[in-house]
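Single-structure report; data block below.
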Amino acid sequence: MRTKIRKIKEDAAFVGQEVVVKGWVRTVRTQKTFTFIEVNDGSTLSNLQVIADTLPPHVTTGASLAVTGKVVKSPGGKQNVEIHASEIEVVGRCDAETFPLQKKRHSLEFLRSIAHLRPRTNTIGAVTRVRNTLAYATHRFFQDLGFLYLHTPVITLSDCEGAGQLFQVTTLDKANPPRTEQGEVDHSRDFFGKEAYLTVSGQLNAEIYASALSDVYTFGPTFRAENSNTSRHLAEFWMIEPEMAFADIHDDMELAEKFLKAIFKEVLEKNTEDMELFDKFVCKGAIERLQNIVENPFERITYTEAIDILQKSGKTFEFPITWGCDMQSEHERYLCEQHFKKPIIVRDYPEAIKSFYMRLNDDGKTVAAMDVLVPGVGEIIGGSQREDRLDVLEAKMAANDLDKKDYWWYLELRKYGSVPHAGFGAGFERLVQFVTGMENIRDVIAFPRYPGHADF
Ligand code: 4AD
Ligand code: MG
């Protein structure tokens, strides 16, 4: 039976035992009497050194091997154990002439163009393991608190964020769609009988279930057709969305802070080697930064206070800021990177710049919205207390040009046993980006989708 490299390295009981290791060759070094083969199977960052008396044919970088041999304590300082091979089987040869992953360091841009091979690099392997830890920790965190995991639909008729960044889902004949008498495309004859889209958020559906089961969360893919070629936006990204009944904006902020700390802590505990790689080669000081975040309270300020700080900063921003504008990433970054030097939670944003479902505050001009901003990434979480009063919600929808008929079920939740409730959306890739310090969001998801790119 095969043993994973991580197990062999972690458990001293393997020393002296015969094992079978399967993986891919990273490097081969032939010396006078021995050959050293570095094998990696993805279970851990560091390779396992295999020592062979002779170099069997076709053992080259990239080839896949099954190695049988004895685990021995390594005399070299770098690794604690190595394998003295008794048998090496080449499972799959690798065409050494054309294999794109040679020993030199490749740019992340280049690696994106070979997304089918990039998980075999140290960096992408480490990102993948950290991402896995974050996903597992997310489920554990919410499960431990008694939240129910809800699967919200991918296909939807409504635009939760009202921002119009929807991908349409249709089966109509592009070349010759059915038309109404007015000459418009007739979606009543489309697959769902209406215009349908890929979801931008599972929130509205989560609110339904929170209004019955109290605490729920979704964790699934979401889609936004925003044409922004930035290092923080994807057209397809994963979002974690908890929703709590009988909860207000303060409960929401509390949950968000607790959540981030819990999952970051888990990465520090489980991905030591991976984090050392990021700390060394990707983002100096990444480990200490994360430890600080886990151990210290986030700063909490209102939008109005944030604007005040920005205006008094004496800094010239590309976009000058006044009360009422949406903060640009330069503002968000100034606040958490230069002013507070830690994660901050900004709440009570002007009603006009936020979504229709957010609860209107007593001042009549701000809403109970909150964004968590972190150094390096900016907005990592966006959430709010939801408007639970039917009349206020109807007025807000009218002001946003939303048709009551399209949201009848959403409104009925306010009619039948409405409760104060709140939730947030955490962009999963932004979490991975933040933890690893990876500069571009396209490198923290296996197969990034962004304008012009949906390969692999
Ligand atoms: O702030 P957003 O738009 O909030 C919502 O969608 C709410 N309905 C969530 C809720 O309350 N249940 O998005 C939430 C988070 C952002 O803070 C950001 O981290 C991430 O989703 N996000 C993106 N991540 C990658 N690419 C994009 N294009 C993203 N747009 C938003
Ligand atoms: Mg937002």
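This structure is a prediction, so every number in the text was calculated from the model and none was measured. Each ligand, and each atom within it, is numbered from 1 in the order the structure gives.
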Practice prompt. Please confirm whether S384 comes within less than 3.5 Å of ligand 1 when only nitrogen or oxygen atoms on both sides are compared.
Written response: no
Worksheet item: Does a side chain donor of either E161 or Y357 reach within less than 3.5 Å of an acceptor in the other side chain?
Response: yes
Worksheet, complete the sentence: So the atoms of ligand 1 within less than 4.0 Å of a heavy atom of I380 turn out to be 17 (O), 19 (O)
Worksheet item: Between the side chains of Q203 and E241, does any donor sit under 3.5 Å from an acceptor?
Response: no
Item to complete: Would you name the heavy atoms of C325 and P320 that are closest together and state the gap between them?
Response: SG-O, 4.4 Å
Discussion item. Suppose we measure from atom 22 (N) of ligand 1 to each protein heavy atom; which comes out shortest, and what is that distance?
Written reply: F237 CE1, 3.4 Å
Worksheet, complete the sentence: Of W238, F434, F259, F219, the one forming a ring pair (Phe, Tyr, Trp, His ring centres under 6.0 Å) with F428 is F219
Discussion item. Using a 4.0 Å heavy-atom cut-off, which part of I381 comes near ligand 1: side chain, backbone, both, or neither?
Written reply: backbone
Discussion item. Which residue and atom name correspond to the protein heavy atom nearest atom 15 (C) of ligand 1, and how close is it?
Written reply: G425 O, 3.5 Å
Discussion item. If only side-chain N and O atoms count, and only distance matters, is there a donor-acceptor pair under 3.5 Å linking K9 with T44?
Written reply: no
Worksheet item: How far is atom 21 (O) of ligand 1 from its nearest protein heavy atom, and which residue and atom is that?
Response: M239 SD, 3.5 Å
Discussion item. If I compare all heavy atoms of L360 with all of K365, which pair ends up nearest, and what's the gap?
Written reply: CD1-N, 4.4 Å
Discussion item. Can you tell me how the ring of Y410 sits relative to the ring of F356, calling it parallel under 30°, perpendicular over 60° and tilted otherwise?
Written reply: perpendicular
Discussion item. Within the supplied structure, the quantity of interest is the number of heavy atoms (other residues, nucleotides, ligands) at a distance under 6.0 Å from F246 CZ; does it exceed 12?
Written reply: no
Worksheet item: Are any of the heavy atoms in R386 under 4.0 Å away from ligand 1?
Response: yes
Fill in: For atom 18 (C) of ligand 1, the protein heavy atom that lies nearest, with its residue and separation
R430 NH1, 3.5 Å
Worksheet entry | Distance-only N or O hit between ligand 1 and R224, under 3.5 Å | yes
Practice prompt. Ignoring angles and geometry beyond distance, decide whether L234 reaches within less than 3.5 Å of ligand 1 through its nitrogen or oxygen atoms.
Written response: yes
Worksheet entry | atom 20 (C) of ligand 1 [closest protein heavy-atom partner, distance rounded to 0.1 Å] | G427 CA, 3.6 Å
Worksheet item: Parallel, tilted or perpendicular: which describes the rings of F142 and F424, with under 30° parallel and over 60° perpendicular?
Response: tilted
Worksheet item: In the protein, which heavy atom is nearest to atom 16 (C) of ligand 1, and how far is it?
Response: E379 OE2, 3.3 Å
Worksheet, complete the sentence: A student comparing E429, E226, E241, R232 should find that the heavy atom closest to atom 9 (C) of ligand 1 comes from E241
Item to complete: Note the single closest protein heavy atom to atom 7 (C) of ligand 1, along with its residue, its atom name and the distance in Å.
Response: E161 OE2, 3.3 Å
Discussion item. When you measure from the Mg ion (ligand 2) to the N, O or S atoms of E379, does any of those distances fall below 2.8 Å?
Written reply: yes
Item to complete: Decide whether D388 and S418 meet the rule of one side-chain donor and one side-chain acceptor closer than 3.5 Å.
Response: no
Worksheet entry | Partner of H331 under side-chain contact (heavy atoms from CB on, under 4.5 Å), chosen from D326, I309, I321, L373 | I321
Worksheet item: Y357 near ligand 1, heavy-atom distance under 4.0 Å?
Response: yes
Worksheet item: Any idea which atoms of ligand 1 are less than 4.0 Å away from a heavy-atom of S201?
Response: 6 (O), 8 (N)
